[in-house]
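These numbers were taken from a predicted model, which means no experiment stands behind them. Note that these values count all heavy atoms, side chains included, but never hydrogens, waters or copies made by symmetry. Naming: A, B, ... by sequence-line order, numbering from 1 per chain.
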Amino acid sequence: MAVFQEIESAISTAIQRRLRERFDLTLDVSLEQPKQASFGELAIPVAFQLARQLKRPPRRIAEELAAGLDAIAGVSSFEIAGNGYINVRLDRAAYAQSLFAASRGGPAPVPGKIVVEHTNINPNKAAHIGHLRNAILGDTFVRMLRERGREVEVQNYIDNTGVQVADVVAGFHFLEKKTPAEVRALIEDPAVRFDYLCWDLYARVSSHYQQEPAALAWRGDTLHAIEAGEGTLAELGTLVADAIVRLHLATMFRIGVTYQLLPRESEILHLKFWATAFELLKERKAIYFEEQGKNKDCWVMPATAFREGERSEDDDKIIVRSNGTVTYVGKDIAYQLWKFGLLGKDFFYRRWSAYPDGSQVWVTTDHLSESGAPSFGRAKQVFNVIDSRQSYLQDVVVAGLRALDYNAQADASTHFSYEMVALSPRTCLELGIALSEEDKRRPYVEVSGRKGLGVKADDLIDKLIENALCEVEDRHPDAPADERKRVAEQIAVGALRYFMLKFTRNSVIAFDFHEALSFEGETGPYVQYAAVRAGNILRKVEERFGPPPDFAAALSGDLLAQCFADETLWQLLLLASKSGSLLERAIASGEPAHVAKYAFQLAQAFNNFYHEHSVIAEPDLARRSALLWLTTFVRDQLAAVLHVLGIEQPVYM
RNA sequence: GGGGGCGUAGCUCAGUUGGAUAGAGCAUCAGCCUUCUAAGCUGAGGGUCACAGGUUCGAUCCCUGUCGCCCCUACCA
């Protein structure tokens with residue numbers, strides 16, 4: 001356990017013991033961070049809680065509690081403050097020394113696999129900025145979990161047989177009259193951006209449907225052919241979906257997002273996952289066949305299963321349509337059951353692609369598995385990263401589990417929801433999108449794939465790299481070109497990932513080019529810059545004075561006490577030492593934004609230190625060693641947090 | 001109509017299970033590069049925490065109501 005957490009728990013225990021002694025009470029003692037650093041390192045507000053119960057002034061209670069406390073290792077004093085706070089001051093030298101001793105191995109592994117499903121882009125067109133938010137949130141949450149010892153499996157669900165793919169296939173076949181061979185040539189032509197081409201085609205097909213509703217028959221025919229897996233339309237479906245998935249994975253790899261398994265809807269269909277789930281649902285009477293009313297001839301789930309309040313037929317959710325086909329939610333229930341290992345059947349698997357580090361992406365298949373496939377699914381806990389507009393459907397999925405009596409798994413299913421990325425009116429104008437007077441007054445305008453209205457992910461990444469490269473070339477005109485390119489890419493990814501993470505999940509992002517392209521203030525590059533500066537100090541000190549000493553031996557208690565009497569130095573050390581407990585809290589609240597905020601604050605504290613203290617110019621050797629250790633410690637923590645955020649540290653900036 | 005979310009500085013957003021003087025970035029203004037890199041630092045101005053009640057020793061936070069904005073409420077996903 002991290003040093004800070006150990007002290008927190010020792011204090012809680014001591015207060016609890018004192019509560020039993022003095023008041024014969026047992027209750028949880030929570031600690032908080034004081035409003036001001038000058039109050040100390042920790043504050044115990046427990047006296048306020050007791051004031052009501054004991055009908056006595058909180059300050060008196062706090063005094064009585066503090067008076068009988070035994071000494072705690074690492075704590076130098078307890079003080080009564082304000083109206084009844086017990087403020088804790090730490091023994092700074094002892095705290096610093098215990099940081100040397102803390103194990104570097106990280107947290108112990110936590111048993112039980114966690115499945116995180118994210119990205120899930122319809123494979124029919126280029127990814128846009130909304131998809132980037134999904135992937136970056138999901139990927140960062142995965143990194144947070146892994147950093148804290150959890151076993152995580154990342155799945156990217158591919159809806160390769162849905163309406164959106166069908167529409168693009170219909171566009172190629174009916175609108176463009178293209179054969180599979182011609183489409184394949186487009187895919188293989190390096191001069192063609194196939195996902196961009198599909199982006200435009202999808203918009204054209206959608207507007208064609210608007211003008212000629214009769215053409216909607218194309219969609220039905222195509223869906224039918226794809227589901228049957230036969231004929232030209234099915235062949236086109238496979239070509240389009242596979243090609244687009246490859247492009248999506250390439251886009252996501254640019255920003256450091258990777259996957260382990262691509263479960264596909266085609267296998268959910270062909271391997272009769274739905275049929276199995278259907279039998280289960282019927283057997284347990286989770287759904288029923290409606291014989292009358294507006295849902296006549298459909299299999300429906302009663303609204304009472306997933307919603308509070310009065311039962312109304314209007315709210316019931318159709319799972320199987322009157323024509324016998326299953327809705328997306330039905331397939332999703334089957335998929336969710338499989339994730340927990342509850343379906344009683346499994347996919348077959350084959351290799352899809354490998355990343356440069358050798359790690360493998362697998363895809364589901366409906367016939368014999370390739371050897372070497374790991375055991376997928378069978379999760380203890382599941383997180384579905386899906387935008388908040390689909391919360392109703394996610395509720396239905398969980399209700400399905402509950403209706404089958406899988407309550408533990410229902411409880412372990414989390415809809416990791418987030419709000420959409422819309423466009424600021426200013427950005428719409430920059431993109432040449434015409435807005436009504438009404439839209440101009442709105443805080444944001446929703447993107448629309450059908451209208452082809454949006455910012456493509458690769459365009460944004462390209463633009464970020466271009467801007468970053470200008471800055472790098474400005475600052476490092478003599479550096480090799482390929483190295484500058486690499487640095488620019490790292491800065492661009494840092495800016496993008498931080499931008500998508502700085503907002504909490506339930507806040508709509510009104511995407512604004514000006515803000516997203518900024519490298520100053522609360523941004524990824526700001527944090528990267530602090531890390532680079534720390535690295536520069538360590539490098540220069542080593543160049544000038546040789547390798548660093550063995551800190552544990554070189555830094556005496558007296559020296560540390562003297563050094564960390566300085567508030568700037570102490571606050572920096574303290575903040576840097578809290579990364580572990582911060583990560584745990586961010587995991588518990590499911591909020592990657594908290595990690596981003598922490599990284600920024602740590603970078604800010606370091607920049608503060610950087611301007612107030614010079615390590616190289618420090619004449620006193622012992623004190624220089626202390627500053628050097630602090631720099632090393634902060635650099636390591638910054639590097640770790642950046643890694644969790646999926647942001648790399650450039651060699652220079 | 002029903003369900004959910006939001007309303008905090010000029011703008012974009014944080015705000016830990018209710019607690020000490022409500023914070024950050026951007027923008028504006030005034031300073032700081034002969035330095036371990038100024039993608040940085042220091043300072044200033046800027047607030048009816050939408051509004052009205054209630055609970056509480058104490059409310060931006062909890063409850064009720066009102067106003068405004070958004071999403072969902074498909075035999076689309």
Of the nucleotides A39(B), G25(B), C75(B), which has the atom closest to the Tyr529(A) side chain?
A39(B)
From C75(B), C36(B), A39(B), nucleotide with atom closest to Phe519(A) side chain
A39(B)
With rounding to whole Å, what would you report as the distance between [N] and [M] at their [atom1] atoms?
| N | M | atom1 | result |
| --- | --- | --- | --- |
| U28(B) | U21(B) | P | 33 Å |
| A77(B) | U60(B) | C1' | 37 Å |
| C70(B) | C33(B) | C1' | 47 Å |
| G18(B) | C61(B) | P | 11 Å |
| C62(B) | G15(B) | P | 13 Å |

Any side-chain N or O of [X] less than 4.0 Å from the OP1 or OP2 oxygen of [N]?
| X | N | answer |
| --- | --- | --- |
| Lys540(A) | C36(B) | no |
| His514(A) | U12(B) | no |
| Asn120(A) | A77(B) | no |
| Tyr328(A) | A77(B) | no |
| Arg533(A) | A38(B) | yes |
| Tyr526(A) | C41(B) | yes |
| Arg475(A) | A39(B) | yes |
| Arg321(A) | C76(B) | yes |

Under-4.0 Å salt bridge between [X] and [Y]:
| X | Y | value |
| --- | --- | --- |
| Glu446(A) | Arg389(A) | yes |
| Glu522(A) | Lys597(A) | yes |
| Lys578(A) | Glu41(A) | no |

My understanding is that a pair needs two contacts under 3.5 Å, Watson-Crick or G-U wobble. By that rule, which nucleotide pairs with G1(B)?
U73(B)
Quick one: look up who U64(B) pairs with, Watson-Crick or G-U, both distances under 3.5 Å, and put none if it's unpaired.
A52(B)
I want to confirm an ordering. Mapping Ile616(A) and Pro443(A) to their closest nucleotides on RNA chain B, which one lands closer to the 5' end?
Ile616(A)
The answer to which of Tyr157(A) and Asn506(A) contacts RNA chain B further toward the 5' end, by nearest nucleotide, is Asn506(A)
If you take atom types as modelled and just measure distance, does the side chain of [X] reach the base of [N] with a donor-acceptor pair under 3.5 Å?
| X | N | result |
| --- | --- | --- |
| Ser614(A) | U35(B) | no |
| Gln33(A) | U16(B) | no |
| Arg585(A) | U16(B) | yes |
| Ser391(A) | C72(B) | no |
| Asn87(A) | A20(B) | yes |

Is Phe39(A) stacked against the base of A20(B), taking the criterion as centroid distance under 5.5 angstrom and interplanar angle under 30°?
yes
How long is the gap from CG on Asp512(A) to CZ on Arg426(A), to the nearest 0.5 Å?
4.0 Å
